[in-house]
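Notes for the one structure printed next.
In this text the structure is predicted, and so the values were computed from the model without any measurement.
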Amino acid sequence: MNRLIILCMAGFLCACGESKKKNYLEEGWNAFAQGDYAQALLELQTAKLKNPNDSKIRTALGWTYMRLDSLEPADMEFAEGSVLSEAPVDLAAGWSFVLAANHNYAASNIQAAQALTVDPDWVFLYADGIDHHDIRVVKAENHFLLGEFALSLNEIQILNSDFNADINTATGRSQLASEIERLRSLNKSMPLGKP
């Protein structure tokens, strides 16, 4: 009987220990939100070791590498996370920023469009001031850099319906570029600097 009680108590204690296991993904995002990207990276790398096929962990790692200006590993984490099941919208949004910074403008627009299709009102929960407006600014800039001025203007007019420019002229394209820069400068929290 004593042996049975001891076995039951041991099982209960193990179960309690399991429920108090550290959630490395949550700890990583907490560190990220506090701006401690080095600590976030440590937590998230541990999370990835424990569960390499979790798209949420890959997303968090991508954002963390991006904040650390490590674009190549950020791109890799987003790419690998994108083929896993249940990739969050944060993955496509973050990847769009990284791809733009790497001058891969067309691919950036694909990810930006995907993020906006899934959640047109997307807001990044782990840093203040990053949302769907930033994705649209990146799309507008990408289109501009690809010479797709009409598409660039469309994105800007979603953000500022009062803006108009004759994109068939050098002056109009210059005005469009200035408006993109103005809208970009409104958000000091942009994930990356100018591509």
> Does the side-chain contact (heavy atoms from CB on, under 4.5 Å) test come out yes or no for Q39 and Q34, once each step is laid out?
Replying inline: CA-CA 10 Å; Q39 183 62 37; Q34 294 168 12; over 6 Å; no
Quiz: residues 81-93 side-chain donor-acceptor pairs under 3.5 angstrom, not counting sequence neighbours:
residue: S82; atom: OG; partner: A79; partner atom: O; Å: 2.7
residue: D90; atom: OD1; partner: W122; partner atom: NE1; Å: 2.6

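Annotation for S70 and P73: closest pair O-CD, 3.3 Å, computed over non-hydrogen atoms. Nearest approach of I180 to A140, heavy atoms of both residues: CD1-O, 3.8 Å. Nearest heavy-atom pair, G172 versus A165, reported as atom, atom and distance to 0.1 Å: O-CB, 3.5 Å. Nearest heavy atom pair, residue A47 against residue I57, reads O-CD1, 3.6 Å. Minimum interatomic distance between A38 and L68 (heavy atoms only, all atoms of both residues): N-CD2, 4.5 Å.
In this structure, N51 has no side-chain hydrogen bond (donor to acceptor under 3.5 Å, both in side chains) partners at least two apart in sequence or on a different chain. Every residue two or more places apart in sequence or in another chain that forms a ring-ring contact (aromatic ring centres under 6.0 Å, His included) with Y37 is listed here: F32. By the ring-ring contact (aromatic ring centres under 6.0 Å, His included) test, Y24 is found to be paired with no residue, residues two or more places apart in sequence or in another chain being considered. With sequence neighbours left out, E27 forms a side chain to side chain contact (heavy atoms under 4.5 Å, CB included) with K22, N30, E43. With sequence neighbours excluded, the residues that form a side chain to side chain contact (heavy atoms under 4.5 Å, CB included) with D75 are W95, V98, L99, N102. Annotation: side chain to side chain contact (heavy atoms under 4.5 Å, CB included) contacts of S96 (sequence neighbours excluded): S108, Q111, A112. In this view, P52 and R58 satisfy the side chain to side chain contact (heavy atoms under 4.5 Å, CB included) rule, not counting sequence neighbours. Listed by chain and number, the residues in a salt bridge (Lys or Arg N to Asp or Glu O under 4.0 Å) with K56 amount to none (sequence neighbours excluded).
Transitive grouping of hydrophobic side chains (ILVMFWY, heavy atoms separated by less than 4.5 Å) keeps I158 and I130 in distinct clusters. Y126 and L44 fall within a single hydrophobic cluster, where Ile, Leu, Val, Met, Phe, Trp and Tyr side chains are chained together by heavy-atom contacts under 4.5 Å. Put simply, L61 and L42 are part of two different groups of oily side chains (I, L, V, M, F, W, Y) that touch within less than 4.5 Å, one to the next. Residues F97 and V118 are members of one and the same hydrophobic cluster, defined by side-chain heavy-atom contacts under 4.5 angstrom among Ile, Leu, Val, Met, Phe, Trp and Tyr. A continuous path of ILVMFWY side-chain contacts below 4.5 Å connects L125 to L25, so both sit in one hydrophobic cluster.
In this structure, CH2 on W29 lies 13.0 Å from CG on N23, to the nearest 0.5 angstrom. Separation of atoms CZ (R182) and CG (N160) is listed at 5.5 Å; rounding is to 0.5 Å. The distance from the NE2 atom of H103 to the CG atom of N142 is 11.0 Å, given to the nearest 0.5 Å. Atom NZ of residue K50 and atom OG1 of residue T46 lie 7.5 Å apart, to the nearest 0.5 angstrom.
N109 is listed as a side-chain neighbour of L146, based on a closest heavy-atom distance under 4.5 Å.
Pairs engaging residues 147-168 under the ring pair (Phe, Tyr, Trp, His ring centres under 6.0 Å) rule: F144-F149 [sequence neighbours left out]. Sequence neighbours left out, the pairs with a member in residues 145-157 that pass salt bridge (charged side-chain N to carboxylate O under 4.0 Å, His left out) are R136-E155, K139-E155. For residues 168-178, there are no side-chain hydrogen bond (donor to acceptor under 3.5 Å, both in side chains) pairs, not counting sequence neighbours.
With L176 as reference, I156 is the one residue of N164, I156, D166 to meet the side chain to side chain contact (heavy atoms under 4.5 Å, CB included) rule.
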